[in-house]
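These notes concern the structure reproduced below.
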Number of protein chains: 2
Amino acid sequence: MSTELRIDANRLAARIEALGAVGAIPGGGVCRLALTDEDRAGRDLVQGWMRELGLAVSIDAIGNVVGVRLGIEPGPPVMAGSHIDTVRTGGRFDGNLGVLAGLEVIQALNDAKVVTRRPLAVAFFTNEEGARFSPDMMGSLAYVGGLPLENALATVGIDGESVGDCLKKIGYQGPAPCGQPQVHAYVELHVEQGPVLDLEGITIGAVEGVQGISWTEFTVLGLSNHAGTTPMRLRHDAGYVACAIAHEAREIARSLGGDQVATVGAINLSPNLVNVIANRAVFTVDLRNTGEGVLQQAERRLHAFAGEIAAAEGVTLSHRVLARFEPVSFDPAVVALVEATARRLGHSVRRLPSGAGHDAQMLARVCPAGMIFVPSVGGISHNVKEFTAASDLEAGANVLLHTLLALAN
Amino acid sequence: MSTELRIDANRLAARIEALGAVGAIPGGGVCRLALTDEDRAGRDLVQGWMRELGLAVSIDAIGNVVGVRLGIEPGPPVMAGSHIDTVRTGGRFDGNLGVLAGLEVIQALNDAKVVTRRPLAVAFFTNEEGARFSPDMMGSLAYVGGLPLENALATVGIDGESVGDCLKKIGYQGPAPCGQPQVHAYVELHVEQGPVLDLEGITIGAVEGVQGISWTEFTVLGLSNHAGTTPMRLRHDAGYVACAIAHEAREIARSLGGDQVATVGAINLSPNLVNVIANRAVFTVDLRNTGEGVLQQAERRLHAFAGEIAAAEGVTLSHRVLARFEPVSFDPAVVALVEATARRLGHSVRRLPSGAGHDAQMLARVCPAGMIFVPSVGGISHNVKEFTAASDLEAGANVLLHTLLALAN
């Protein structure tokens with residue numbers, strides 16, 4: 001194994017900058033919601049790079065894009081991957097880093113004329129963020145057979161358009177069978193998106209697993225009425241019930257403690273006027289925990305409270321699950337390999353869980369999978385201020401390089 | 001005094017139906033937000049009726065429209081009035097009834113060839129609802145000199161357009177001096193918009209005064225971050241702070257009791273996504289009470305709580321007052337006249353306060369003023385389901401007729 005081999009940090013930085021210019025928004029951030037024109041432009045750019053590097057590119061029916069580099073032997077490739085879609089106010093590293101570092105690994109191997117025993121692949125999966133279409137991690141979930149293709153394509157987004165229509169519109173509904181090629185092992189480099197590595201001054205995170213995720217959308221139907229003339233006891237205020245549940249979600253997270261987090265990020269009231277009691281409130285609750293048991297406890301408490309407050313206010317409450325994933329543990333051998341590789345390359349490293357969902361958790365259903373984290377300054381993510389130091393990007397890409405080499409040889 | 005004289009209920013109903021067809025929305029409601037094309041169409045219709053009835057119509061710089069019928073003697077008229085703008089999901093009676101009943105009174109007097117000693121006037125005032133531009137009751141407030149004209153015209157609405165520009169666009173910035181003619185006395189017939197008369201089976205309300213109104217818009221600035229990776233203790237969640245304050249507003253109303261009401265009708269989060277902690281929340285709080293002291297107590301408690309929760313969450317809180325009116329007492333002689341007139345015409349009557357703001361409270365600053373309420377079925381208002389029985393509309397218009405006659409003779 002050539003531990004002398006290193007990626008070119010400037011070349012990686014240049015690709016991050018070029019991709020970050022597509023859908024750029026003020027403050028240094030990016031808005032490339034899945035399957036928009038901006039996403040298409042980003043896809044075109046990355047796909048072009050794949051072809052320049054000599055990869056055999058295939059696109060499947062849900063728009064996942066895989067570029068394969070032949071090995072000495074045939075068979076399932078060792079894959080690096082992530083996503084290039086962003087949230088509305090995203091940064092330039094989230095997702096993009098894993099894909100572009102994968103390409104940089106390929107280019108470093110090309111330059112060094114290193115051919116691995118197994119093939120290598122670099123992939124980006126459709127709609128990881130879930131900011132336009134639910135569930136998130138849609139492309140990788142479909143790739144591993146966890147979501148029927150027709151359901152995925154029929155999914156209607158926040159703007160009323162379906163995944164299938166948008167894929168056709170941007171020209172990314174490809175002919176490759178979804179789930180091909182099969183994957184020998186999967187490694188995803190990603191920014192932590194949390195504060196742990198940055199606070200502790202550690203360069204590399206060997207990710208042991210991913211928090212379970214529970215997304216619920218609640219709809220409250222009350223009665224619109226005059227804000228001045230309707231006594232409090234006669235109200236059926238959908239907005240109040242939404243706020244009370246949001247308030248309780250925080251209380252549930254506080255009292256459960258540990259890793260439990262709870263977020264009400266979206267609230268929409270109707271008619272949303274200062275002097276009219278809302279007759280309709282639609283809002284989301286995002287609950288996450290590394291332990292499935294506690295996560296279920298949080299869900300039970302939330303629904304119990306929601307039912308009680310809705311009954312007390314005389315409103316109708318309904319909900320739908322936007323996404324639900326149990327906590328995932330990564331392959332112990334891959335976790336150990338990432339940790340050992342980081343150490344051997346001279347980087348500080350710690351094991352940690354991921355607070356965010358990632359495509360790697362889907363790939364873990366079908367092959368040994370793991371993740372490499374690099375620090376997010378201030379833990380800031382899903383924000384234009386998202387930032388990772390150049391030296392950390394370089395360290396992460398080199399750990400990716402040598403982890404892939406070890407898995408492919 | 002001719003107590004035999006009566007209005008024509010069918011003619012009144014026909015005008016209510018015709019005006020209700022302008023900006024009609026599904027379910028029998030109306031959307032004629034102030035100074036929109038729909039408002040213009042409604043104004044044109046009512047102004048046409050004024051001219052058909054022989055009234056001398058004047059339009060002032062803020063778009064208030066007054067039609068005057070000469071009396072035997074010159075001097076300030078006795079005015080009936082209200083508004084014809086609606087909220088986004090309004091009914092067809094709120095405001096419109098007072099104006100159209102005023103026209104029906106004129107027509108009944110015309111038909112009976114009755115000329116009063118003092119002139120009579122029917123007026124509709126601009127932007128009573130405040131659903132597009134703040135403050136509400138803008139036209140009548142300007143009419144009585146409580147709001148400088150240039151400030152009113154510069155007010156920018158929820159859609160970014162100014163009152164002045166919209167007035168010009170719809171052709172309702174008139175040449176009449178704002179505040180002319182001076183008014184001898186003012187009587188406004190209106191649906192109660194609350195449940196009291198309907199619940200008690202009483203036909204006429206003699207309105208003693210209007211609740212004080214306090215509208216505040218809060219803006220919370222936090223930090224957008226990933227909903228999964230950001231531990232609860234490190235969050236600066238603008239959405240949570242908004243919901244906590246909304247939750248507390250209800251608690252304040254509950255604990256103060258009596259007439260105190262509190263409503264959070266509008267909430268807007270940014271970026272408003274399921275998996276991103278909101279960095280910005282803008283929301284409104286509507287507080288009302290018949291007692292100024294208790295209303296101030298509610299405001300103090302709200303601001304104290306808001307300051308504490310913002311500090312605890314590490315977010316920035318600012319607010320602006322959208323509207324603030326002290327409780328108003330109507331002229332005791334007018335209240336007694338309304339009550340006596342209703343009794344004399346054979347209607348059940350009770351005194352009660354108004355929970356909503358009305359143009360009458362502005363006119364009360366410059367002349368003896370009062371209001372006549374008729375029941376709102378179920379207390380429903382600011383809703384397409386707003387409804388008042390035809391017999392109650394007729395009773396209210398007849399009480400208006402004879403109250404105006406008494407004041408004008």
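Below, chains carry the letters A, B, ... as their sequence lines are ordered, and counting in each starts from 1.
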Looking only at heavy atoms, which of residues 208-218 of chain A get nearer than 4.5 Å to chain B? A/Gln211, A/Trp215
Evaluation steps, side chain to side chain contact (heavy atoms under 4.5 Å, CB included), between B/Val285 and B/Leu302: CA-CA 9 Å; B/Val285 182; B/Leu302 184 75; 3.7 Å; yes
Shortest non-hydrogen separation from A/Arg32 to A/Gly23 and the atoms involved: CG-CA, 4.2 Å
Side-chain heavy-atom pair B/Asn275, A/Arg288 within 4.5 angstrom cut-off: yes
Does the ring center of B/Phe373 lie less than 6.0 Å from the ring center of B/His358? yes
Which atoms of A/Asn268 approach chain B - backbone, side chain, both or neither, heavy atom under 4.5 Å: side chain
Heavy-atom closest pair (A/Ala356 atom, B/Thr229 atom, distance to 0.1 Å) is N-CG2, 3.5 Å
At under 4.5 Å between heavy atoms, what parts of residues 127-136 of chain B are in contact with chain A? List them by residue number. B/Glu129, B/Ala131
Could you tell me which of A/Gly357, A/Ala262, A/Ala246 has the largest number of non-hydrogen atom pairs under 4.5 Å with chain B? A/Ala262
Inter- and intrachain pairs under salt bridge (charged side-chain N to carboxylate O under 4.0 Å, His left out), touching residues 190-200 of chain A, at least two apart: A/Glu200-A/Arg350
Heavy-atom pairs under 4.5 Å with chain A: which of B/Asp286, B/Leu273, B/Asp237 has the most? B/Leu273
Looking only at the side chains, is there a donor atom on one of B/His226 and A/Asn383 sitting less than 3.5 Å from an acceptor on the other? no
Do B/Thr263 and A/Arg235 meet the criterion of a side-chain donor-acceptor pair at a distance under 3.5 Å? yes
Is any side-chain N of the basic residue among B/Glu299 and B/Arg324 closer than 4.0 Å to the acidic one's carboxylate O? yes
One option among B/Ala238, B/Ala227, B/Ser270, B/Ala278 has the most heavy-atom pairs under 4.5 Å with chain A, and it is B/Ala227
Which residues satisfy the salt bridge (charged side-chain N to carboxylate O under 4.0 Å, His left out) test with B/Glu326, sequence neighbours excluded? none
Mind telling me whether A/His247 and B/Tyr240 have parallel, tilted or perpendicular rings, with 30° and 60° as the class edges? parallel
Between A/Val261, A/Thr230, A/Leu223, A/Val87, who has the most heavy-atom pairs with chain B when the cutoff is under 4.5 Å? A/Val261
In terms of heavy-atom pairs under 4.5 Å, which option from B/Arg254, B/Gln260, B/Arg88, B/Glu313 contacts chain A the most? B/Glu313
If you apply the rule side chain to side chain contact (heavy atoms under 4.5 Å, CB included), what do you find for B/Asp94 with B/His83, and how did you get there? CA-CA 8 Å; B/Asp94 178 356; B/His83 62 94; 3.2 Å; yes
Take a 6.0 Å sphere around CZ of A/Arg250 and say whether it holds more than 12 heavy atoms from other residues, nucleotides or ligands. yes
Looking at chain A, which one of B/Leu269, B/Leu234, B/Val274, B/Thr284 has the largest number of heavy-atom pairs inside 4.5 Å, strictly under? B/Val274
Of the listed residues (B/Ile267, B/Asn289, B/Thr89), which shares the most heavy-atom pairs with chain A below a 4.5 Å separation? B/Ile267
